[in-house]
Protein chains: 2
Amino acid sequence: MTPPPVSPELKTEVDQVLEAIIYLYTESRRITKELAKRADLTGPQLTVVKLLEQVGDLSLSELSDKIRAQNSTVTGIIDRMEREGLVTRERSKEDRRVVHIRLTSKGRALAGAIPVEPMEIFKGALESLNAQEMRDLMRIMTKVAKRVKQIVRRDVGEGDSGTSGTSQGQGKEKEEK
Amino acid sequence: MTPPPVSPELKTEVDQVLEAIIYLYTESRRITKELAKRADLTGPQLTVVKLLEQVGDLSLSELSDKIRAQNSTVTGIIDRMEREGLVTRERSKEDRRVVHIRLTSKGRALAGAIPVEPMEIFKGALESLNAQEMRDLMRIMTKVAKRVKQIVRRDVGEGDSGTSGTSQGQGKEKEEK
DNA sequence: CGCGGATATTTCGTACGCTAAATATTCACC
DNA sequence: GGTGAATATTTAGCGTACGAAATATCCGCG
């Protein structure tokens, strides 16, 4: 992680909610990692293996979409998985720009050995909510997400304008002694 | 990020909530990065600069706690910031193991030039909720977080043992093979 | 005093993750 | 039927992130 919180000293309601969100997110990554380690995989690799097991071969771009990462990132992940003999690359016959990623039998065996998707734990917790809470949560989260999108589009979208400061491109430092 | 979702084809309520959470989290990172870029900083660096501006000098360990990262990670971040003349390292006099991180005037100027903490945007969105929603959200998120902690402690905590099925507390999932 | 255990930070090695630029192909259109 | 815009993937460079091991100190205790 990194950018998020800054563990607040005095907590407002907002801070608490933020903290819960951050906790859940980081925890989901930790859990993925933990589960993955048992199979000598990394978090992203476990995700890929489980995904391919479920939906079959995918092109690298499709894979990137699914796991929400850039192509260049996935290239690296697949490189390492290929090196480990978990997947193979196969150039598409119809469109030779495309590469299909396929699980090897070793990769498939490994996927089978890992019982649940990491996210299941997370889901399990959400499912402990009753119907009413579930509805409320969904409605509220959706509202917040939408609101963030608005603010982002307005405030951050095309930045600058008055942002006078910021830019000390090269001013160079020479303050201290 | 990476481990999380796997963009679901059919979305249950749970999936939607998950997606909202993931969206909010990744968006908060994206925003931090975006704001940071205007000052020629990275996300974590902006976080550090803003933090030091507000609370003053911190030891490296204190800093790690605050931004929820490992010491070794923060060492790297501070290395680069020191190189850029944004902060200085000062060995503590009382305990020579400790290093105090201090903003330089350049770092301070930069911090001053950036108007809001990135998290403010996020908070702004949460604040658009009415009192009732806020209470609900806090209660629900806290409950979910607590539940995840339970499951984690039981299923993932100390690995192996009989954890064959990573079984969720509630019988739950057993749908797909 | 001197030793062993605890604590603070750094170093090392590996894996993401992103952007920008390079490559390789495909496709549309003249 | 060739050329330039689009698309798919890879390469290159930088900055996190983490765990484990190395370093340097500090501290309590005999």
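The model shown is predicted, which means the values in this text are computed figures rather than measured ones. Residue numbers start from 1 in every chain, and the chains themselves are labelled A, B, ... in the order their sequence lines are given, proteins ahead of strands.
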- prompt: Would you say B/T42 reaches D/dT16's phosphate, i.e. side-chain N/O to OP1/OP2 under 4.0 Å?
  reply: yes
- prompt: Just how far, in rounded Å, is P of D/dT10 from CD1 of A/I78?
  reply: 9 Å
task: Return the value, rounded to whole Å, for the distance between atom NZ of A/K33 and atom C1' of D/dA20.
output: 13 Å
- request: Considering just the side-chain nitrogens and oxygens of A/Q45, establish if one lies under 4.0 Å of OP1 or OP2 belonging to C/dC16.
  value: yes
Between P of D/dT10 and CD1 of A/I101, the distance in whole Å: 7 Å
- request: Figure out the CG/P separation between B/D40 and D/dC14, and round it to whole Å.
  value: 15 Å
query: Which letters describe nucleotides 6-12 of chain C, given B = protein heavy atom under 4.0 Å from base, S = only from sugar-phosphate, - = neither?
result: BBSBBB-
Gap between atoms CD and P, on A/Q70 and D/dA8 respectively (whole Å): 14 Å
- prompt: With side chains defined as the heavy atoms from C-beta onward, is the minimum distance between A/V49 and A/V87 less than 4.5 Å?
  reply: no
field: Non-neighbouring partners of A/T104 that pass side chain to side chain contact (heavy atoms under 4.5 Å, CB included), sequence neighbours left out
entry: A/T88, A/K106
query: Rounded to whole angstrom units, what separation is found between the CE atom of B/M81 and the C1' atom of D/dT16?
result: 13 Å
- request: Using whole Å, report how far CZ of A/R96 lies from P of D/dT9.
  value: 13 Å
- prompt: Can you name the residues that form a salt bridge (Lys or Arg N to Asp or Glu O under 4.0 Å) with A/R135, not counting sequence neighbours?
  reply: none
query: With sequence neighbours left out, what residues match A/R97 under salt bridge (Lys or Arg N to Asp or Glu O under 4.0 Å)?
result: A/D95
message: OP1 or OP2 of D/dG15 versus the side-chain N and O atoms of B/R83: is any pair under 4.0 Å?
response: yes
task: Among the candidates D/dT16, C/dA15, D/dC26, find the nucleotide nearest to the side-chain atoms of B/I77.
output: D/dT16
field: Sequence-distant partners of B/V99, side chain to side chain contact (heavy atoms under 4.5 Å, CB included), two or more places apart
entry: B/R89, B/R91, B/I101
statement: note: B/K37, atom NZ; C/dC18, atom P; distance rounded to Å ~ 13 Å
Ionic contact status for A/E90 with A/R102, cut-off 4.0 Å: yes
task: Tell me, please, which residues at least two apart from A/K143 pass side chain to side chain contact (heavy atoms under 4.5 Å, CB included).
output: B/L129, B/E133
